[in-house]
Amino acid sequence: MADTSLNENRIGLLIWQTCNIWQTKLRKILKKYNISLNEYLIIETLFKLSSNMNSISQTNISNNSFIDISVVSTTLSLLEKKKIIIRNFTDNRTKKIELTQKGMTLISSLSKIISNEESIIFSKLGNESYNFINSLKLILGKKIRVKANKRD
C-alpha cells in the first residue's frame with residue numbers, strides 16, 4: 001500500500017500515534033474503574049515491587065514506573081483517598097506504601113484485562129514483537145537481550 005501522508009515515514013510520529021492508540025484504549029478500560037492511567041501504572045508498579053521489597057517509597061515507585069516523583073506524590077494522595085493504598089511512616093522521613101485489600105483486588109482484575117488489551121493492540125507485530133521491544137529499548141538507551149538462533 002502506498003504512503004498516503006508525508007509523515008508516514010517519520011518514526012517519531014509513528015511512535016507517538018502508537019502511544020496515543022495504546023493510551024486511548026487503556027483509558028477507556030480504566031474509566032470503568034474510576035482510575036487514571038497514571039494511577040493504574042503506579043498501582044501496578046507497587047504490586048510488582050511488593051513481591052521483592054518490604055518497604056516501598058515514592059522514589060522506588062517513580063524510578064520503576066518512570067513517572068515523575070511529583071506526579072507520583074500527587075497520585076498517591078488520590079489513591080489513598082480512594083482507599084487503594086495506605087502510607088505508613090517507617091521513620092520521620094520515609095513512608096512505606098502498600099496496597100490495601102481493595103487495591104489488591106483492583107490490580108488482580110485489571111492486570112488481566114490490560115494485558116489482554118495490550119496483546120490485541122500489539123498482536124499485529126506477530127513474531128516481530130521481540131525485535132520491536134529490543135528496538136524501543138535501544139532508542140531508550142537500555143540493555144537488550146539477543147535471542148540465539150536455533151540451528152536445525
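Positions are given from 1, in the same order as the sequence printed here.
Rounding to the nearest 0.5 Å gives a distance of 5.0 Å between CD1 of I67 and CG of L41. Considering CG of L30 and CD1 of I35, their distance stands at 5.0 Å, rounded to 0.5 Å. Taking CG from L99 and CG from L106, the interatomic distance works out to 9.0 Å, rounded to the nearest 0.5 Å. Taking CD1 of I86 as the start and CG of L79 as the end, the distance is 13.0 Å to the nearest 0.5 Å. Atoms CE and OG, from M53 and S50 in turn, are 10.0 Å apart once rounded to the nearest 0.5 Å. Note that the CD1 atom of I121 and the CD atom of E118 stand 6.5 Å from one another [nearest 0.5 Å].
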- [ ] Would you sort out whether F66 and L140 count as a side chain to side chain contact (heavy atoms under 4.5 Å, CB included), showing the intermediate values?
- [x] CA-CA 12 Å; F66 303 100; L140 294 169; over 6 Å; no
Open item on the list: For S57 and N60: C-alpha separation, side-chain torsions, deciding distance, then whether side-chain hydrogen bond (donor to acceptor under 3.5 Å, both in side chains) applies.
Closed with: CA-CA 5 Å; S57 69; N60 299 134; 3.0 Å; yes
Open item on the list: For E117 and W22: C-alpha separation, side-chain torsions, deciding distance, then whether side chain to side chain contact (heavy atoms under 4.5 Å, CB included) applies.
Closed with: CA-CA 9 Å; E117 186 62 35; W22 176 79; over 6 Å; no
Task: Pair T45-I56, side chain to side chain contact (heavy atoms under 4.5 Å, CB included): steps then yes or no - done: CA-CA 10 Å; T45 302; I56 301 166; over 6 Å; no
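Checked by atom type and distance alone, the side chain of S73 never pairs as donor or acceptor with a backbone atom of S70 at under 3.5 Å.
Scanning both residues, S77 and R87, for their nearest heavy atoms gives OG-NH2, 3.2 Å. Across I61 and V72, no two heavy atoms sit closer than the pair CG2-CG1, 3.9 Å. Closest approach of I43 to I84, counting heavy atoms only: CD1-CG2, 3.7 Å. Residue K96 comes nearest to N54 through the heavy atom pair CE-O, 2.9 Å, listed as atom of the first residue, atom of the second, then distance. Here the closest non-hydrogen pair linking L76 and Q58 is CD1-CG, 3.4 Å.
Counting heavy atoms from C-beta on, the side chains of I107 and E44 come closer than 4.5 Å.
A side-chain contact (heavy atoms from CB on, under 4.5 Å) with V71 holds for exactly one of I69, D68, T74; it is D68.
Hydrophobic clustering (ILVMFWY, side-chain heavy atoms < 4.5 Å, transitive): L136 and L14 are in distinct clusters. Taking hydrophobic clusters as Ile, Leu, Val, Met, Phe, Trp and Tyr residues chained together by side-chain heavy-atom distances below 4.5 Å, I114 does not share a cluster with I133. Note on I113 and Y40: same hydrophobic cluster, where clusters join Ile, Leu, Val, Met, Phe, Trp and Tyr whose side-chain heavy atoms are under 4.5 Å apart, directly or indirectly. In this structure, Y33 is a member of the same hydrophobic cluster as I42, with clusters built from ILVMFWY side-chain heavy atoms closer than 4.5 Å. Under a hydrophobic clustering in which Ile, Leu, Val, Met, Phe, Trp and Tyr are joined whenever their side-chain heavy atoms come within less than 4.5 Å, directly or via other members, L49 and M104 fall into the same cluster.
Other residues, nucleotides and ligands contribute more than 12 heavy atoms inside 6.0 Å of the CG atom of N20. Environment of CZ in F122: crowded, with over 12 heavy atoms of neighbouring residues, nucleotides or ligands closer than 6.0 Å.
The side chain to side chain donor-acceptor pair (under 3.5 Å) pairs that include a residue from residues 126-141 are E128-N131, where partners are two or more places apart or lie in different chains.
Membership of the apolar cluster around L13 extends to W16, as traced through chained side-chain contacts below 4.5 Å between ILVMFWY residues.
Between E39 and K82 there is a salt bridge, with a side-chain nitrogen of the basic residue lying less than 4.0 Å from a carboxylate oxygen of the acidic one.
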